[in-house]
Structure formats: structure tokens, C-alpha cells
Amino acid sequence: MSKRKDKEHEQDVTPARSGVLLLFTAVLFCGIVLAGARFFQIQVIQAPQLREQAENQRLRRIETPAQRGSIFDRSGRLLAHSVRVYTVVVDPYNIALFHNDYVEEQESNNQAAELSLDDLYRDLAAYFAPLLDESEEDLIVQFSRRTDNGNFSRFAVLARQISPEVRTTINQDAAHNQADSIEQSLLKRAIRNTTWELDYMRVYPMGEIASQVVGFVNAEGVGAAGIEMYYEDLLRGTPGVSFTERDAVGNIIPAGVQRSIEAQKGSDIILTIDAEITHVAQLEIETAVEDNSALSASAIVMNPQTGEIYASVSYPGFDSNYFNTADQEAIRNRALTDVLEPGSTIKPLTFAAAFDTGAIVPADSFHVPNSIQVGTRVISDAIERPTEQMSISRIMEVSSNVGTTRIAQRLGGNDFYDYLHKFGIAERPGLDFPGAGQGRLPSPAEWNDVSLSNFSFGQGLSMSPLQLSRAIAAIANDGVMVTPRLLHEVPDGSFSPNSYEPQQVISEEAAQKTTETLIATMTDGTGRRIEVPGHEVAGKTGTAQKAQEGIAGYVDGLYIASFVGYFPADNPELLITIFVDEPQIDIFGASVAGPPFANIATFSARYLGIVPTSP
């Protein structure tokens with residue numbers, strides 16, 4: 001009976017076991033299928049992507065900075081260059097690892113670790129601080145740097161722009177294996193953890209000389225002002241890059257990926273600037289400011305035939321090596337960027353336009369009282385004089401506003417406006433410099449009944465000293481206007497200076513007639529006390545009321561004294577423009593701007609070997 005029951009029980013259980021086994025087999029089969037599918041996806045479909053991700057986790061990309069191109073003056077004097085320096089980097093994780101090894105070694109010798117990790121940080125900081133010129137507190141922060149998740153960082157910067165000499169000193173200390181104690185041995189091991197990343201520091205050997213032209217680079221090594229900014233693409237070069245495959249703790253895998261692309265140095269450039277002439281010009285305008293208690297001053301020295309600028313300076317100035325502490329007003333190159341009313345220095349353009357149209361000829365004369373009524377305004381001369389029948393030359397010699405108004409009236413507003421456009425007053429001067437100033441010339445539709453008169457002697461319109469220099473240079477250059485420039489040459493041939501087609505803005509005859517009136521101004525007129533020994537100069541003085549910023553009208557008692565001249569008068573090689581803002585001791589262009597012109601011209605003539613035309 002019991003055997004029968006057991007048999008029946010066995011028959012009842014067998015189907016149940018079979019179901020479980022079948023279910024297990026099905027699950028196992030599904031698992032195998034899914035695992036196979038996953039294996040296929042990983043090994044076949046996603047394999048390239050996963051290999052790339054794994055490689056990227058092991059690869060360390062290091063960018064090598066490119067050495068920036070140097071900047072030279074026209075005679076090869078160095079104005080800016082980049083010197084090799086280093087960024088000092090440590091691995092806080094490794095420092096902690098070194099200390100952990102030290103603790104384990106002490107414990108294995110049944111000795112207590114006498115040097116804590118904080119002690120190691122302090123010892124390291126005390127060693128590096130005087131060498132890197134950093135505070136010990138700041139260095140300790142870097143040695144102990146951690147990531148956001150609390151782990152020790154793998155990268156911390158101790159200092160930047162460290163000289164090769166300091167690097168040599170630290171490397172020699174690290175290479176010296178002798179140590180009096182385990183603690184000293186640990187310190188040397190941590191010092192050897194230092195990594196030196198190559199970098200470059202921009203240096204300006206001549207300090208303030210030509211600094212407002214050259215400019216500077218910012219903390220990232222990118223041009224931020226002047227030529228450094230304008231020719232950034234030429235100067236910066238191409239950084240190099242290297243890839244090294246490393247293990248989990250950062251060690252290089254010898255058989256791993258090692259690739260590198262060398263950095264390419266930026267192009268050197270040679271400027272039209274001459275450091276010697278620039279230096280003299282800076283000293284002269286500084287003297288003019290100090291002697292006249294003026295606000296500021298600027299000067300331009302250029303070749304009127306080629307447009308090459310030998311000097312462009314303003315005072316106050318700054319040293320490009322210390323740009324970050326310089327006054328923003330000192331950084332600005334006023335001669336190139338500022339726009340102002342030119343005063344009587346614009347009169348040569350009025351005369352040139354009138355000569356070119358035939359509105360006047362040298363033999364003409366005008367009835368010139370001390371003042372005349374023009375529309376709603378009385379126009380008068382700066383110095384009171386009796387009514388006179390003035391020749392064309394005499395009007396320029398004494399800088400008569402009334403006489404110049406008579407000439408402009410004969411010329412006519414539309415023609416005068418067209419000629420001012422030809423002389424480039426309403427356009428940027430085309431200079432290769434950031435922020436070169438653009439003057440304002442109101443259109444005839446904006447003119448009132450006194451605009452023609454005001455414009456003829458330099459009121460109511462504005463221009464930069466550079467724009468005035470460019471326009472006057474056209475008169476000096478037989479009526480041909482060239483575009484000023486600062487880039488002389490790129491020695492590697494990777495770039496050619498911008499070339500603009502010269503423009504014949506007035507006839508050669510009109511230019512010569514205007515030059516004759518400017519020569520007379522220097523011999524018998526307002527410029528007669530301004531001399532350049534051995535050379536005949538054509539020039540014009542200016543004394544302008546200072547316009548109020550943003551509103552119509554002028555500031556009482558404030559003036560801008562100016563002078564523009566070129567020589568030798570018969571074949572000009574140099575043109576010099578001087579502006580002195582808000583002189584207080586004296587206000588007239590001849591006595592304030594004349595002396596710096598004469599001194600800069602005298603030096604430059606000798607320096608450049610310009611042959612004297614008279615004893």
C-alpha cells in the first residue's frame with residue numbers, strides 16, 4: 001500500500017519539477033540570447049566608440065604655446081619680443097601618495113610617522129615661496145587642492161611666468177638625492193613632482209618709447225591695444241599640441257599613444273616707426289606740456305611722399321611692460337584717435353581748394369577789415385588790426401579769419417565741401433591701427449548762414465591730428481594724397497603692407513601756390529620765429545577755442561595750440577604736426593606748438609641726413 005502511494009506521489013511531483021526545469025531553461029536561454037546580443041552590441045556595434053572613449057580617458061592633451069612674433073622699428077631696434085618662461089604645476093594627488101608611502105614605511109619599521117601631511121605642505125611652501133615670489137599661505141592651498149567630490153586634485157598651478165634660471169635651481173635641488181633624513185627625502189621627492197609648462201612673457205625693451213603705437217598683450221597673451229592688437233593674426237603664431245597615453249595614476253605608458261605637433265612661431269614685423277625720432281618727440285611734447293601747464297599734447301612725424309609714420313606720440317604716456325597699472329588716458333594715442341577742431345591749421349586746405357578751382361590766384365587781394373558780419377555772427381581776427389587791402393599771401397601770413405572767410409565765400413560752399421571730402425576729412429585715414437579717429441564734416445543740408453565761414457578757419461568741424469597730417473601732406477606732395485601706414489615689412493613674406501592707390505586731390509600747381517603762402521608764413525608771418533637751421537619750412541600755426549563736449553559752443557579760456565609744417569619746402573621729406581591741449585601759460589600755436597616742432601625737425605633732419613638747402 002505504501003509503495004503505491006509513493007509511486008502516485010512521484011507521478012504528481014514529476015510534472016512540477018519538469019515545469020520548473022523548463023522555466024529555468026527558458027530563462028537561461030533568454031539570458032544567453034540577451035548576453036549575446038549585448039556582447040555583439042559592445043564588441044561589434046559600439047566597439048569603435050568605446051575604444052575612443054577609453055583612449056580619451058587615458059590620453060592627456062597638452063598644448064604648447066607658440067612664441068609670439070617680435071616687433072622692430074624701421075632700423076631693426078627691438079620694440080617687443082617674447083621671452084621663455086614657465087608655469088609651475090604640481091600634482092596634489094601624488095604629494096598625498098608620497099606621504100602615504102612614507103607613513104606605511106615608518107609603520108613597517110615599527111616607527112611613528114613624525115611628519116604629517118600638513119607638515120609636508122608647510123615644508124614645501126617654505127621652500128618654494130622665496131623662489132616663486134609667492135606667499136606660503138597661497139602655496140599651501142595649491143599643494144592641498146581637492147576636487148569638488150573631495151578627492152585630491154591632479155593639477156594645481158603654483159606660479160606663472162617663472163624664469164628659466166629659477167627652474168634650473170629647483171631642478172638641481174630635486175636632482176640631488178642626498179638627504180639627512182627620511183623627511184628630507186620625502187620633501188625632495190615631492191619637489192621632483194613639479195612640472196614645468198613652457199610659456200612666454202611679452203617684454204617691451206624700450207619701455208615708454210613708442211608704447212602707444214606698439215600697445216600690449218593681455219594676461220592671456222592676446223593683443224589688446226595698438227599694433228599688438230591690429231596685427232594679432234600675424235604675431236600670435238600657431239600653438240603646438242601633444243598627446244600622451246597615461247595609466248590610472250598619471251604615469252606615461254611607454255608603449256601607448258605618443259603624438260605631437262610642433263608650435264609655429266608668429267611672424268616678426270618691422271614698423272615704419274623710428275625709435276630715435278619717437279624718443280625725441282616724446283621728450284619735446286612732455287616739455288611743451290610742462291612749460292605751458294597744459295593738459296596733454298601729441299605729435300606726428302611722417303613722410304608726406306610715402307605716408308610712413310616715423311613717430312606718433314602723446315603725453316602723458318605709459319610703459320607697455322606695466323600696462324595693467326597705467327592710466328587709461330595715458331594708453332590712448334591721441335595723435336591717431338582723438339578728434340578735435342583744427343583751428344587755423346585747416347586754412348591751407350581752404351586756400352588749396354580755392355587755388356585749384358581758380359577762385360583765387362596769387363595776385364588777388366581782398367579788402368579785409370578787423371571784423372565782418374556773416375549771417376547772425378560777427379567774424380573777427382584774433383589780433384585786432386586796421387582795415388587792410390590784403391594779398392592772398394598776406395591773409396595766410398597773419399592768419400586772418402576775415403580774409404579766409406572772403407576766400408571761402410568766393411570758392412562757394414558746395415565746392416569747399418567737395419574738397420574737404422577729397423582731403424579725407426569725413427573718412428577714416430586708412431591707417432593700420434585700431435580706433436583711428438574719424439572727423440565730422442556736416443553735410444551742406446546741416447549748414448547754417450555762418451558754417452562756410454566757420455569751416456574755412458577750422459571751427460564747427462572736427463578731425464584727428466592724423467587726418468590733418470594726411471591732408472596737409474597732399475599739399476606737400478604736389479597734390480597727391482597717400483595713405484598713412486605703420487607696417488613697413490613682414491620679413492618672412494607672409495603678409496604685405498596694405499597698398500592704397502595715391503589720389504590726386506588738387507593739381508600740382510595749386511599745391512605749389514599753397515606752399516608758397518606757407519613759406520611766407522614762416523618768413524614774414526605768424527611762424528617767423530620757428531626755425532629749422534639749414535632748411536626752408538612751409539608751415540601753419542593754429543590757436544583754436546576748445547569746443548565743449550556734447551553740446552554746441554566753446555569753453556571760456558581754454559584753447560588748443562597747434563602747428564603743422566613740412567620741409568624741405570621744395571621737396572618735402574618730413575611733415576610734423578603738433579597739438580597742445582589746454583595750455584595755460586601761453587595759448588598761441590607759434591609759441592606753444594612751434595618750439596617742439598622746431599626741435600623735432602632739427603633733430604630729425606640731422607638724424608635722417610636730409611641735405612640742408614641753406615647755410
Side-chain angles (χ1 to χ4, degrees), residues 341-383 385-426 441-461 463 468 471-472 474-475 479 481 504-521 524-526 538 540-542 544:
E341 293 192 359
S344 293
T345 51
I346 201 177
K347 287 175 181 175
L349 305 186
T350 306
F351 279 58
F355 278 130
D356 199 52
T357 60
I360 60 172
V361 296
D364 286 341
S365 64
F366 287 87
H367 180 74
V368 181
N370 185 67
S371 63
I372 58 173
Q373 184 77 32
V374 177
T376 58
R377 184 181 172 192
V378 175
I379 303 298
S380 59
D381 287 347
I383 298 177
R385 60 174 57 86
T387 299
E388 182 180 344
Q389 191 69 23
M390 287 189 182
S391 67
I392 298 298
S393 182
R394 178 67 176 165
I395 292 172
M396 183 73 84
E397 290 170 25
V398 300
S399 195
S400 171
N401 293 339
V402 175
T404 304
T405 295
R406 297 285 202 209
I407 292 173
Q409 288 172 337
R410 184 179 288 185
L411 172 63
N414 289 332
D415 281 344
F416 186 45
Y417 177 80
D418 290 342
Y419 272 91
L420 290 179
H421 254 287
K422 288 181 181 180
F423 279 117
I425 302 307
L441 175 62
S443 66
E446 301 176 75
W447 291 19
N448 56 34
D449 53 357
V450 294
S451 292
L452 175 60
S453 173
N454 286 345
F455 295 167
S456 72
F457 54 80
Q459 285 191 343
L461 75 174
M463 63 191 70
L468 176 67
I472 299 296
I475 298 173
M481 188 167 69
Q504 188 82 43
V505 294
I506 57 172
S507 67
E508 182 178 345
E509 183 182 7
Q512 290 175 349
K513 291 175 181 177
T514 306
T515 293
E516 289 169 5
T517 68
L518 296 176
I519 294 172
T521 299
D524 301 313
T526 57
K540 184 68 190 78
T541 60

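Bear in mind that the values here come from a model prediction, so they are computed numbers and not experimental data.
Of all non-hydrogen atoms in I379 and V402, the two that sit nearest each other are O-CG2, 3.6 Å. Residues I395 and G403 share a closest heavy-atom pair of CG2-C, 3.7 Å. The nearest pair of heavy atoms linking A520 to E397 is CB-OE2, 3.4 Å. P348 and M396 make their closest contact through CA-CE, 3.8 Å (heavy atoms, listed as atom of the first residue, atom of the second, distance).
Proximity of D356 to T514: side-chain heavy atoms (C-beta onward) are nowhere separated by under 4.5 Å. Counting heavy atoms from C-beta outward, I346 and F457 have side chains that stay 4.5 Å or more apart. Residues H367 and P369 have side chains in contact (heavy-atom distance under 4.5 Å, counting atoms from C-beta outward). Taking the side chain as every heavy atom from C-beta outward, I392 and K513 never approach each other to under 4.5 Å. Side-chain contact check for I475 versus L349: some heavy-atom pair is nearer than 4.5 Å. In this structure, the side chains of F423 and I472 stay at 4.5 Å or more apart for every pair of heavy atoms.
Within a 6.0 Å radius of CD in Q504, more than 12 heavy atoms belonging to other residues, nucleotides or ligands are found. Within a 6.0 Å radius of CG in D449, other residues, nucleotides and ligands contribute more than 12 heavy atoms.
K422 places no side-chain N or O within donor-acceptor distance of the main-chain N or O of I506, the cut-off being under 3.5 Å. Using a distance-only test at 3.5 Å, with no hydrogens or angles considered, a donor-acceptor pair links the side chain of T345 to the main chain of P342. A donor-acceptor distance shorter than 3.5 angstrom exists from the side chain of E446 to the backbone of S443, with no hydrogens or angles considered. Looking at T357, its side chain does come within 3.5 Å of a backbone N or O of A354 through a donor-acceptor pair. Under the 3.5 Å distance criterion, the side-chain polar atoms of Q373 are matched with a main-chain donor or acceptor of G375. Listed for the N401 side chain is no donor-acceptor partner under 3.5 Å among the backbone atoms of D381.
Under 3.5 Å, the side chains of E508 and Q512 contain a donor-acceptor pair of N or O atoms. If you check the side chains of T517 and K540, you find no donor sitting under 3.5 Å from an acceptor. With no hydrogens or angles considered, no side-chain donor-acceptor pair links T350 and T404 at under 3.5 Å.
Between Y417 and H421, the two ring planes are perpendicular [angle over 60°; tilted spans 30° to 60°].
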